[in-house]
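No hydrogens, no waters, no symmetry mates; every other heavy atom, side chains included, goes into these values. The model shown is predicted, which means the values in this text are computed figures rather than measured ones. Along the sequence shown, the residues carry numbers beginning at 1.
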Amino acid sequence: MTVVVLHDPRLGPLPYADWLGDAADGMFLVTGADGPPPPPVPAVGGGTVHRVAHYPRTAAVETTVLALAARTPCTALVALHPADQVRAGALRDHLGLPGLTRDQALVLTDPLRARDLLAAAGVPVTPRTAARRIIDLHLAAHTWGYPLLVRDRRAPGAPVVAELADEPALRAFADGGISAGAVGSAAGLTVEPHRPAGERRRGPGDPAADAALAVLPAVPGHPVLVETVRATDGTWTADLVRYAPETAPPSVLVLHQAQPARAGAPALEGGRR
């Protein structure tokens, strides 16, 4: 029985074998071919490392795991990096492994998926829409006015890539961003109003955050962080939702992901799950 670990080289070396203990026997670690040496795996238990080129973008990660699963029973799949969550969820779905599913991972990595889920549950959310074409930016300006925020939907945490203060700024961004591809595929962008806000907070403790956490995935080893903002009228709104591995020790996340039903696994911080 094998625990599969997806190790994005951007995490740096991590002692998975030490954290997993006996469960590390036979561990199969997939990582990048470039960058620093991969973390060690147990030699006695037959652990192996498989390195693939262009790790963040290649489907070779998935095909490597599927080839392993075709010849060796797999018990769990561990993935710590935010960029690995969707691919890890899809592999768990396909292999029938416990843990975060692909659909759950999409909620924690895609701001539009999160918006749809929370809005359907009656949680107040920041208005946000996809910006696949230049006309989508103009429609957003017509609906909300300026300024606007443009985010990279596909990057962990959905970072802001542009603040559009007015029509000239929108045209300049469209020429240098969407049209010329400076930001990447337009399908990966979102746009929202940039409204003055009061306090911004992370975690539970206000009505919007508590309501959001009640409907978001609660899966061991995958802590969830909700960022909320308070409007000038005092109401709270859920702004961003994301998988937040920095809120718990990586050793704890690895143990929960490797053995989701493991009795006695250290608990994660309350409210962040």
Would you give the length of the straight line joining atom [atom1] of [X] to atom [atom2] of [Y], rounded to the nearest 0.5 angstrom?
{"X": "Glu246", "Y": "Leu253", "atom1": "CD", "atom2": "CG", "value": "10.0 Å"}
{"X": "Arg10", "Y": "Thr31", "atom1": "CZ", "atom2": "OG1", "value": "10.5 Å"}
{"X": "Leu77", "Y": "His94", "atom1": "CG", "atom2": "NE2", "value": "12.5 Å"}
{"X": "Asp175", "Y": "Phe173", "atom1": "CG", "atom2": "CZ", "value": "10.5 Å"}
{"X": "Arg102", "Y": "Leu91", "atom1": "CZ", "atom2": "CG", "value": "11.0 Å"}

Do [X] and [Y] touch side chain to side chain, with heavy atoms closer than 4.5 Å?
{"X": "Leu137", "Y": "Leu148", "answer": "no"}
{"X": "His7", "Y": "Val49", "answer": "no"}
{"X": "Leu213", "Y": "Val226", "answer": "yes"}
{"X": "Val5", "Y": "Leu14", "answer": "no"}
{"X": "Gln257", "Y": "Arg92", "answer": "yes"}
{"X": "Asp206", "Y": "Arg230", "answer": "no"}
{"X": "Pro245", "Y": "Pro250", "answer": "no"}
{"X": "Leu95", "Y": "Leu66", "answer": "yes"}

Backbone of [Y] reached by a side-chain donor or acceptor of [X] within 3.5 Å:
{"X": "Thr63", "Y": "Ala60", "answer": "yes"}
{"X": "Thr143", "Y": "Leu139", "answer": "yes"}
{"X": "Thr228", "Y": "Thr237", "answer": "no"}
{"X": "Tyr243", "Y": "Leu80", "answer": "yes"}
{"X": "Asp110", "Y": "Leu106", "answer": "no"}
{"X": "Arg242", "Y": "Gly157", "answer": "no"}
{"X": "Asp210", "Y": "Gly205", "answer": "yes"}

Compare every heavy atom of [Y] with every heavy atom of [X], then report the nearest pair and how far apart it is.
{"X": "His81", "Y": "Gln85", "value": "O-NE2, 2.8 Å"}
{"X": "Val123", "Y": "Ala208", "value": "CG1-O, 3.8 Å"}
{"X": "Pro127", "Y": "Pro193", "value": "O-CD, 3.4 Å"}
{"X": "Thr58", "Y": "Ala53", "value": "CG2-O, 3.2 Å"}
{"X": "Ala258", "Y": "Ala76", "value": "O-CB, 3.0 Å"}
{"X": "Pro111", "Y": "Leu240", "value": "CB-CD2, 4.5 Å"}

For residues Asp103 and Thr101, is any side-chain donor paired with an opposing acceptor at under 3.5 Å?
no

Check: Tyr55/Asp84 side-chain N/O donor and acceptor closer than 3.5 Å
yes

Under the rule for side chain to side chain contact (heavy atoms under 4.5 Å, CB included), what residues qualify as partners of Pro207, not counting sequence neighbours?
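For Pro207 the side chain to side chain contact (heavy atoms under 4.5 Å, CB included) partners, ignoring immediate neighbours, are Trp236.
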
Salt-bridged, Asp239 to Arg128, with N to O below 4.0 Å?
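The answer is yes: the pair qualifies as a salt bridge.
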
Under 6.0 Å from the CZ atom of Arg113, do we count more than 12 heavy atoms belonging to anything else shown?
no

Heavy-atom count around Arg201 CZ within 6.0 Å, excluding the residue itself: above 12?
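More than 12 heavy atoms, drawn from other residues, nucleotides or ligands, come within 6.0 Å of this atom.
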
Same cluster (ILVMFWY, side-chain, under 4.5 Å), [X] and [Y]:
{"X": "Val241", "Y": "Val219", "answer": "yes"}
{"X": "Leu11", "Y": "Leu6", "answer": "no"}
{"X": "Leu68", "Y": "Val30", "answer": "yes"}
{"X": "Leu20", "Y": "Leu29", "answer": "yes"}
{"X": "Leu100", "Y": "Val3", "answer": "yes"}

Worked verdict on Thr129 versus Trp144 for side chain to side chain contact (heavy atoms under 4.5 Å, CB included):
CA-CA 11 Å; Thr129 190; Trp144 296 314; 4.0 Å; yes

Ignoring hydrogens and angles, write down the donor-acceptor pairs under 3.5 Å from the side chains of residues 160-172, residues two or more places apart or on other chains.
unit_1: Asp166; atom_1: OD1; unit_2: Ala169; atom_2: N; d: 3.0
unit_1: Glu167; atom_1: OE1; unit_2: Tyr146; atom_2: OH; d: 2.6
unit_1: Glu167; atom_1: OE2; unit_2: His138; atom_2: ND1; d: 3.3

Indicate the ring-plane relationship of His50 and Phe28, choosing parallel, tilted or perpendicular according to the 30° and 60° boundaries.
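The rings of His50 and Phe28 lie parallel, inter-plane angle below 30°.
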
Any chance you could lay out the side chain to side chain contact (heavy atoms under 4.5 Å, CB included) test for Val78 and Trp19, step after step, and finish with the verdict?
CA-CA 12 Å; Val78 172; Trp19 294 337; over 6 Å; no

Does the side chain to side chain contact (heavy atoms under 4.5 Å, CB included) test come out yes or no for Val224 and Leu108, once each step is laid out?
CA-CA 7 Å; Val224 177; Leu108 302 184; 3.9 Å; yes

Could you walk me through whether Leu118 and Leu216 satisfy the side chain to side chain contact (heavy atoms under 4.5 Å, CB included) test, starting with their C-alpha distance in whole Å, then the side-chain angles of each, then the deciding distance to 0.1 Å, before giving a yes or no?
CA-CA 8 Å; Leu118 296 182; Leu216 289 167; 4.1 Å; yes

